J.: 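Have a look at the structure that comes next, please.
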Number of protein chains: 2
Amino acid sequence: MRADARKNYEHLLAVARVVVTEEGADASLRDIARRAGVGLGTMYRHFPTRETLFEALLRTGFDELAANAEKLQAADSPGDALVSWLREFVACAHNYRGVIDSMVAAIEDPDSALHASCTTMKAAGARLLARAQAEGAARTDIDGTDLYALGGALAWVGDQPALSSRVDHLFTLITGAILTPRSTHT
Amino acid sequence: MRADARKNYEHLLAVARVVVTEEGADASLRDIARRAGVGLGTMYRHFPTRETLFEALLRTGFDELAANAEKLQAADSPGDALVSWLREFVACAHNYRGVIDSMVAAIEDPDSALHASCTTMKAAGARLLARAQAEGAARTDIDGTDLYALGGALAWVGDQPALSSRVDHLFTLITGAILTPRSTHT
DNA sequence: ACCTGAACACCGTTCAAGT
DNA sequence: ACCTGAACACCGTTCAAGT
């Protein structure tokens with residue numbers, strides 16, 4: 001990439017970080033280009049798709065999440081490890097209001113720029129879940145897709161101004177339901 | 001209301017039902033007016049706001065839900081009554097993809113056309129929850145807002161094509177977590 | 001009373017023309 | 001190679017003009 005192009009790319013990304021934080025996932029791409037002082041075509045050249053932009057914005061969080069999953073795979077308590085990963089997943093998605101929808105849709109859309117990242121993340125969560133299940137720490141009637149759905153649902157709750165104050169509380173409720181082995185039911 | 005106006009209103013509503021079912025909550029109002037063969041101003045006269053349209057679309061479901069809540073208030077098992085109401089709530093919201101966001105935002109926005117309906121619904125759910133709690137059938141560390149949030153989260157899951165197949169399963173998981181009294185924890 | 005559609009200010013996306 | 005901005009087809013919202 002040419003030096004000027006790289007500079008444009010970085011600047012667009014920095015501006016997008018601000019605008020998407022403010023306006024959420026349906027922020028105006030035109031507005032981002034404008035505020036970056038760059039032609040509209042440049043925006044589309046670097047980020048041909050809205051998902052491409054999200055992927056770049058979420059890149060850091062995704063990588064951290066993957067690295068952390070690796071570490072947690074060897075943690076003492078597989079139950080705690082699972083909960084800790086899910087918390088980070090929710091926080092990562094909640095970073096930009098509304099992106100969770102794209103992160104979910106990407107799972108079934110191989111053409112999405114988010115497909116690879118999200119599939120990897122889902123697999124990492126599934127591995128942590130499987131280990132917890134193998135050690136009897138998590139209920140065995142759910143799989144990686146259910147886990148991803150629950151994390152997504154919590155991120156969605158966090159995105160709603162009227163509900164966001166409850167997200168920690170409901171996180172505890174839901175992880176409690178995941179961790180409680182079925183053998184302790186009444 | 002004049003006869004011709006009433007006719008336009010009914011027709012717009014019928015067309016909107018089709019279009020919003022197809023396209024979801026962010027369907028084009030212009031397109032609805034066009035497909036109804038009506039001027040754009042007529043659309044705005046009858047439904048000055050997107051929420052006004054949603055309110056009319058959801059009216060029937062809301063009324064049924066309210067009537068059902070009344071009946072369930074006297075049901076034998078307050079736990080089953082709560083679960084049954086929540087299931088109907090989720091189904092009602094899931095009727096039109098994406099409306100759940102407006103139904104949630106309306107709770108804190110007195111100016112929304114959905115405010116009255118949604119506040120009433122939330123209160124009905126809260127009453128059923130309170131009865132279940134009083135009889136020891138539901139955990140006591142959640143309130144009506146938490147219940148509304150959980151129902152909303154499930155409706156959101158149902159709205160995502162990649163996740164909708166899990167909504168029944170996750171409904172069971174979540175209602176299980178609501179109903180399990182804390183006294184049975186390990 | 002009610003309806004119409006032009007007008008305005010936006011948007012996403014593409015692409016010929018420039019450097 | 002890369003950038004620009006006009007052009008196109010949309011959108012929500014308002015409002016003067018019609019019946």
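Small disclaimer: the values here were computed from a predicted structure and weren't measured. Each chain gets a letter, A, B and so on, in the order its sequence line appears, and its residues count up from 1.
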J.: Using 30° and 60° as the class limits, which term best fits the ring planes of H46(A) and Y9(A): parallel, tilted or perpendicular?
T.: perpendicular

J.: What does A27(B) touch in the nucleic acid at a heavy-atom separation under 4.0 angstrom: a base, only the sugar-phosphate, or nothing?
T.: sugar-phosphate

J.: I want to verify a distance call: between dC2(C), dC11(C), dT4(C), whose nearest atom is closest to the T42(B) side chain?
T.: dT4(C)

J.: How does protein reach along nucleotides 14-19 of chain D, written 5' to 3' as B (base within reach of a heavy atom under 4.0 Å), S (only sugar-phosphate), or - (no contact)?
T.: BB----

J.: Taking OP1 and OP2 of dC2(D), is either one under 4.0 Å from a side-chain nitrogen or oxygen of H46(A)?
T.: no

J.: Is a side-chain donor or acceptor of D63(A) paired with a backbone partner of T60(A) at a separation under 3.5 angstrom?
T.: no

J.: Mind checking R45(A) for me? I need base, sugar-phosphate or nothing, with any heavy atom below 4.0 Å counting as a touch.
T.: base

J.: Who does dT19(D) pair with, Watson-Crick or G-U, both distances under 3.5 Å?
T.: dA1(C)

J.: Would you indicate which nucleotide in dT4(C), dC3(C), dC2(D) comes nearest to any side-chain atom of V38(B)?
T.: dT4(C)

J.: Atom CE of M43(B) and atom C1' of dC2(C): how far apart are they, to the nearest Å?
T.: 16 Å

J.: Which residue lies toward the 5' end of DNA chain D, G39(A) or R30(A), if each is placed at its nearest nucleotide?
T.: G39(A)

J.: Taking the side chain as every heavy atom from C-beta outward, state whether H169(B) and D141(A) have any atom pair closer than 4.5 Å.
T.: yes

J.: Can you tell me how far C1' of dC2(C) sits from CG of D4(B), to the nearest Å?
T.: 6 Å

J.: What is the distance from NE2 of H11(B) to P of dC3(C), rounded to the nearest Å?
T.: 13 Å

J.: Kindly say if N8(B) contacts the phosphate of dC3(C), meaning a side-chain N or O under 4.0 Å from OP1 or OP2.
T.: yes

J.: Between dC2(D) atom C1' and F47(A) atom CZ, what is the distance in whole Å?
T.: 15 Å

J.: Does dG12(D) have OP1 or OP2 sitting under 4.0 Å from an N or O in the side chain of S28(B)?
T.: yes

J.: For the side chain of L29(A), starting at C-beta, report the closest nucleotide among dG12(C), dC11(D), dC3(D).
T.: dG12(C)

J.: For D26(A) and dC11(D), give me the distance from atom CG to atom P, rounded to whole Å.
T.: 17 Å

J.: Hey, are the side chains of R59(B) and S117(B) touching, using non-hydrogen atoms and a 4.5 Å cut-off?
T.: yes

J.: In Watson-Crick or G-U wobble terms, both distances under 3.5 Å, what is the partner of dT14(C)?
T.: dA6(D)

J.: Is A33(A) touching bases, backbone alone, or none of the nucleic acid, heavy atoms closer than 4.0 Å?
T.: nothing

J.: So, does R50(A) use its side chain to make a donor-acceptor pair with the main chain of A27(A) at under 3.5 Å?
T.: yes

J.: If we ignore hydrogens and angles and just use 3.5 Å, is the side chain of T119(A) paired with the main-chain N or O of H115(A) as donor and acceptor?
T.: yes

J.: So, do F54(B) and F47(B) have ring centers that fall under 6.0 Å from each other?
T.: no

J.: Would you check if the side chain of R131(B) reaches a backbone N or O of Q73(B) as a donor-acceptor pair within less than 3.5 Å?
T.: yes

J.: Specify the separation, in whole Å, of atom CZ of R6(A) and atom P of dC3(D).
T.: 12 Å

J.: Scan R34(A) against the nucleic acid and name what it touches under 4.0 Å (heavy atoms): base, sugar-phosphate only, or nothing.
T.: sugar-phosphate

J.: Distance check needed: dC2(C) P versus M1(B) CE, whole Å only.
T.: 8 Å

